[in-house]
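Down below is the structure, laid out as structure tokens.
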Amino acid sequence: MISIYNQLIEKSIKGVKSFAVLIDPDKLDEISLKRIIDLSEESNVDYFFLGGSLLSKYNTPEIIKTIKQRSAIPVVLFPGGHLQVEPSADAILFLSLISGRNADFLIGQHVIAAPIIKQSRLEVLPTGYLLVDCGTQTTASYISNTTPLPYDKPAIAAATAMAGEMMGLKLMYLDGGSGAMQPVNVEMIATVKKTVSCPLIVGGGINNEAKALAALSAGADVIVVGTGIENDPQLMVSISKQVVNFNLDSVR
């Protein structure tokens, strides 16, 4: 079975885009979770990203079990810290918060998590995580005690991503954060995409079809939608169609 990383690389080379649904364990009850899972299967979602910057309860194992009972979509951990490592997932975004200067989120949490991950079967995806100021302070910036990248400074984001790739990080993730007032600047997406050779993930503030298409067109290899789908699960269907149509157009 092809690894998720190799899959992302092959898709990026071919210009094929992916769609990830972000599941925050705190925000969905069992009925809502099952609805999201079933709708994701019907909508050809590529990945589930699972996690959050701050969790008030630890029900990740149960959520993963429910997902795997109802779906074959890979579960990728999107952890806010070492306590969110769960071996029953398929992979983990090993996030280094390179947009900030807090050593705990650059390497500290990773040192604590590494022995647990090493003993698991999780596929490790070394990821440069870049928080972007998209109009409001997010839980991620507050918990990590870091300053997000300025919204209108694509050159800073590009240089940061470039440095991360030079240090060996294999994916880049531009994130406006949960509940962002606006999505990541398309100029920033395009500039970062031109600067690095690794796949680019973009999330935060994508709450309609137009914003999804804009991120894809700017160069995002994977778009991530969470809050928008929590508010309106049918948004998943419309965004999925955008991704499918974009991919069809790109191979014509």
Side-chain angles (χ1 to χ4, degrees), residues 4-5 7-9 11-13 15-24 45-53 76 78 93 95-99 125-136 138 140-141 148-162 164-165 169-229 235-236 238-240 242-247 250:
I4 291 173
Y5 174 68
Q7 187 180 79
L8 289 171
I9 288 291
K11 285 184 174 182
S12 181
I13 292 171
V16 176
K17 310 297 186 175
S18 300
F19 178 24
V21 170
L22 175 60
I23 295 177
D24 186 327
V45 167
D46 296 286
Y47 310 104
F48 287 119
F49 283 5
L50 178 62
S53 300
V76 181
F78 178 42
L93 294 173
L95 302 169
S96 183
L97 185 53
I98 58 175
S99 61
L125 304 171
T127 304
Y129 190 45
L130 297 89
L131 283 175
V132 181
D133 185 347
C134 287
T136 186
T138 63
S141 63
L149 297 169
Y151 182 81
D152 58 349
K153 302 292 182 182
I156 296 177
T160 304
M162 192 189 310
E165 187 175 42
L169 297 171
K170 296 181 178 181
L171 304 173
M172 291 296 146
Y173 192 149
L174 287 171
D175 192 9
S178 178
M181 293 180 66
Q182 56 189 340
V184 176
N185 187 339
V186 291
E187 184 182 356
M188 182 178 289
I189 296 173
T191 304
V192 170
K193 181 62 179 176
K194 291 175 184 176
T195 302
V196 298
S197 59
C198 61
L200 176 61
I201 305 168
V202 178
I206 301 175
N207 54 18
N208 61 43
E209 295 177 55
K211 293 174 182 177
L213 182 58
L216 294 171
S217 300
D221 293 294
V222 183
I223 55 171
V224 185
V225 184
T227 304
I229 290 172
L235 177 64
M236 184 195 309
S238 58
I239 289 182
S240 177
Q242 288 289 340
V243 176
V244 170
N245 290 336
F246 189 98
N247 288 334
S250 67

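Index from 1, following the sequence. Note: hydrogens, waters and symmetry copies are ignored here, and every other heavy atom, side chains too, is used.
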Quiz item: If only atom types and distance count, is the side chain of Q182 paired as donor or acceptor with the main-chain N or O of G205 below 3.5 Å?
Solution: no
Quiz item: Hey, does V222 have a side-chain heavy atom less than 4.5 Å from the side chain of V202?
Solution: no
Self-check item: Spacing of CG belonging to N245 relative to CD belonging to Q242, to within rounding of 0.5 Å
Solution: 6.5 Å
Practice problem: Salt-bridge test for K17 and D46: reply yes if a basic N is under 4.0 Å from a carboxylate O, no otherwise. | Solution: no
Self-check item: Close side-chain approach of S141 to L131, heavy-atom, < 4.5 Å
Solution: yes
Exercise. Using a 4.5 Å cut-off on heavy atoms from C-beta on, say whether the side chain of K170 contacts that of L125.
Key: no
Quiz item: For the side chain of S250 and the backbone of N247, is there at least one donor-acceptor N/O pair under 3.5 Å apart?
Solution: yes
Quiz item: Between T227 and S178, is any side-chain donor less than 3.5 angstrom from a side-chain acceptor?
Solution: yes
Quiz item: Any side-chain heavy atom of I9 within less than 4.5 Å of one from P199?
Solution: yes
Practice problem: Scan I223, I189, I206 and name whichever one has a side chain to side chain contact (heavy atoms under 4.5 Å, CB included) with L216. | Solution: I223
Practice problem: Look up atom CG in L93 and atom CD1 in I201, then write down how far apart they are to the nearest 0.5 Å. | Solution: 5.5 Å
Practice problem: Drop me the distance from T138's OG1 to D175's CG, to the nearest 0.5 angstrom. | Solution: 7.5 Å
Exercise. With rounding to the nearest 0.5 Å, note down the distance linking CG in L95 to CG in L130.
Key: 10.5 Å
Self-check item: Aromatic ring proximity, centroids under 6.0 angstrom, Y129 and F78
Solution: yes
Quiz item: Does S240 reach the main-chain N or O of S238 with its side chain, forming a donor-acceptor pair under 3.5 Å?
Solution: no
Quiz item: Can you tell if the side chain of L171 reaches within under 4.5 Å of the side chain of P126, non-hydrogen atoms only?
Solution: no
Exercise. Return yes if some donor-acceptor pair links the side-chain N/O of T127 with the main-chain N/O of M172 below 3.5 Å, else return no.
Key: no
Quiz prompt | M162 side, atom CE; I98 side, atom CD1 - distance, nearest 0.5 Å | solution = 11.0 Å
Practice problem: Please check if the side chain of D221 supplies one atom and the backbone of L200 the other of a donor-acceptor pair under 3.5 Å. | Solution: yes
Quiz item: Angle class for the F49/Y173 ring planes (parallel below 30°, perpendicular above 60°, tilted otherwise)?
Solution: tilted
Quiz prompt | Rounded distance (nearest 0.5 Å) linking atom CG of D152 with atom CD of E187 | solution = 9.0 Å
